[in-house]
Amino acid sequence: MIPKKMEEAINKQINEEFYSAYLYLAMSGYFESVDLPGFAHWMHAQYLEEMEHGMKFWHHLVDRGGTVKLYAIQEPQREWDSPLAAFQAALEHERHITGRIHALVDLAEEVKDRAAYNLLQWYVDEQVEEEASVEAIIARLEMVGGSGNGMLMVDRELGQRQTG
């Protein structure tokens, strides 16, 4: 049985993960609207990944006899000033999620929930990867500046992201 304090915190994290998915879906729509289908594809793949993250927490609660509580998902921003601004917002969001995961690890240690602690180690590693991948895209976008050709090259590269 999962400790109540951990159950509540994981339910809040499920909402955070689903908000993340919603945010990346909004970003995908933004990139479609500015004719950058590769960027849109990358963000759609990120949306799918965040849904999986939320469901991983969902299954953890169910498997441990907890009750899943789905909260309303906040409406995400829909437009950004530039592709770079969108990815900077994505990085800021990923850093927020990293902080949330670290707080969950602290809570798991506090309540001595070994199962949650073990699950959360996967998320700690995942957040390192998430931040690094967005930082790499930001570096490319800063490198190409406003260059149309450079932006098209980045768009083509991001369109190659594998899903699933």
Side-chain angles (χ1 to χ4, degrees), residues 9-60 70-108 116-164:
I10 288 177
N11 270 309
K12 289 177 184 170
Q13 189 61 33
I14 289 170
N15 182 265
E16 291 275 352
E17 298 295 338
F18 289 160
Y19 172 77
S20 297
Y22 219 42
L23 175 63
Y24 291 127
L25 191 59
M27 288 180 172
S28 180
Y30 159 73
F31 285 122
E32 289 289 357
S33 76
V34 295
D35 297 321
L36 290 169
F39 282 78
H41 170 79
W42 194 94
M43 285 296 180
H44 189 267
Q46 193 64 25
Y47 152 76
L48 294 171
E49 189 173 294
E50 298 301 336
M51 290 298 293
E52 289 176 13
H53 294 172
M55 291 306 298
K56 189 173 184 127
F57 277 120
W58 189 94
H59 287 292
H60 181 80
L70 297 179
Y71 302 109
I73 300 172
Q74 177 186 343
E75 180 180 346
Q77 182 175 338
R78 287 179 292 238
E79 294 181 4
W80 289 264
D81 291 335
S82 67
L84 176 59
F87 272 91
Q88 288 169 330
L91 180 58
E92 182 180 325
H93 180 72
E94 288 300 336
R95 288 178 174 159
H96 165 75
I97 296 298
T98 297
R100 299 272 314 177
I101 296 298
H102 291 176
L104 284 171
V105 170
D106 292 344
L107 178 60
Y117 182 84
N118 187 48
L119 171 76
L120 289 163
Q121 295 314 299
W122 181 88
Y123 284 95
V124 169
D125 293 341
E126 179 67 11
Q127 283 308 117
V128 170
E129 180 185 312
E130 296 280 0
E131 287 186 31
S133 114
V134 174
E135 287 170 343
I137 294 167
I138 288 171
R140 284 188 200 89
L141 291 172
E142 289 174 341
M143 193 181 315
V144 301
S147 161
N149 287 340
M151 193 64 71
L152 290 175
M153 288 174 62
V154 174
D155 186 62
R156 186 176 312 120
E157 177 187 341
L158 295 182
Q160 300 302 309
R161 181 179 180 179
Q162 300 296 310
T163 58

Next on the checklist: Checking Met51 against Phe18 for the side-chain contact (heavy atoms from CB on, under 4.5 Å) test, could you report, in this order, the C-alpha distance in whole Å, the side-chain angles of both residues, the deciding distance, and whether it holds?
Outcome noted: CA-CA 6 Å; Met51 290 298 293; Phe18 289 160; 3.8 Å; yes
Next on the checklist: Go through it in stages, so that I can follow the logic: the residues are Leu91 and Phe87, the test is side-chain contact (heavy atoms from CB on, under 4.5 Å), and I'd like the CA-CA distance, side-chain angles, deciding distance and then a yes or no.
Outcome noted: CA-CA 6 Å; Leu91 180 58; Phe87 272 91; over 6 Å; no
Next on the checklist: Determine whether Phe57 and His60 satisfy the following criterion, ring-ring contact (aromatic ring centres under 6.0 Å, His included), listing intermediate values before the conclusion.
Outcome noted: CA-CA 5 Å; Phe57 277 120; His60 181 80; 7.5 Å; no
Next on the checklist: Pair Lys56, Trp122 - check side-chain contact (heavy atoms from CB on, under 4.5 Å), show working.
Outcome noted: CA-CA 11 Å; Lys56 189 173 184 127; Trp122 181 88; 3.7 Å; yes
Next on the checklist: side-chain contact (heavy atoms from CB on, under 4.5 Å), that's the test. Do Met151 and Leu141 meet it? Break it down for me.
Outcome noted: CA-CA 7 Å; Met151 193 64 71; Leu141 291 172; 3.6 Å; yes
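Using a 4.5 Å heavy-atom cutoff, the side chains of His44 and Leu25 are in contact. When side chains are defined from C-beta on, Gln74 does not count as touching Leu23, because their heavy atoms never get closer than 4.5 Å. The side-chain heavy atoms of Glu142 and Gln88, taken from C-beta on, include a pair separated by under 4.5 Å.
Nearest approach of Pro76 to Ala26, heavy atoms of both residues: CG-CB, 3.8 Å. Across all their heavy atoms, Leu70 and Ile14 have their closest contact at CD2-CG2, 4.0 Å. Taking every heavy atom of both residues into account, Pro83 and Tyr30 meet most closely at N-OH, 3.6 Å. Annotation for Ala9 and Leu104: closest pair CB-CD2, 3.4 Å, computed over non-hydrogen atoms. Minimum interatomic distance between Asp155 and Gly38 (heavy atoms only, all atoms of both residues): OD1-N, 2.8 Å. What you find for Met43 and Ala90 is that their closest heavy atoms are CE-CB, 4.4 Å.
Atoms OH and CG, on Tyr117 and Asp106 in that order, are 9.5 Å from each other to the nearest 0.5 Å. Put simply, CD1 on Ile97 and CD on Glu50 are 7.0 Å apart, with the number rounded to the nearest 0.5 Å. Atom CD1 of Ile10 and atom CD of Glu16 lie 13.5 Å apart (nearest 0.5 Å). The distance from the CD atom of Glu75 to the OH atom of Tyr22 is 7.5 Å, given to the nearest 0.5 Å. For the atom pair NZ (Lys12) and OH (Tyr71), the distance works out to 6.5 Å, reported to the nearest 0.5 Å. Considering OG of Ser133 and CD1 of Ile138, their distance stands at 9.5 Å, rounded to 0.5 Å.
By the ring-ring contact (aromatic ring centres under 6.0 Å, His included) test, Tyr24 is found to be paired with no residue, residues two or more places apart in sequence or in another chain being considered. Arg161 is linked by a side chain to side chain donor-acceptor pair (under 3.5 Å) to Gln46, Glu49, counting only residues two or more places apart in sequence or in another chain.
Ring geometry for Phe31 against Phe39 counts as tilted: the plane angle lies between 30° and 60°, on a 0 to 90° scale.
Considering Gln127, Glu126, His93 in turn, Gln127 is the only one that fulfils the side-chain hydrogen bond (donor to acceptor under 3.5 Å, both in side chains) rule with Thr98.
Enclosure of atom CE in Met153 is not indicated, since only 12 or fewer non-hydrogen atoms of other residues, nucleotides or ligands lie within 6.0 angstrom.
Within the 3.5 Å criterion, the main-chain N or O of His53 finds a donor-acceptor partner in the side chain of Tyr123. Not one N or O on the side chain of Glu79 forms a donor-acceptor pair closer than 3.5 Å with the backbone of Gln77.
Taking a cutoff of 4.0 Å between a charged side-chain nitrogen and a carboxylate oxygen, Arg100 and Glu17 do not qualify as a salt bridge.
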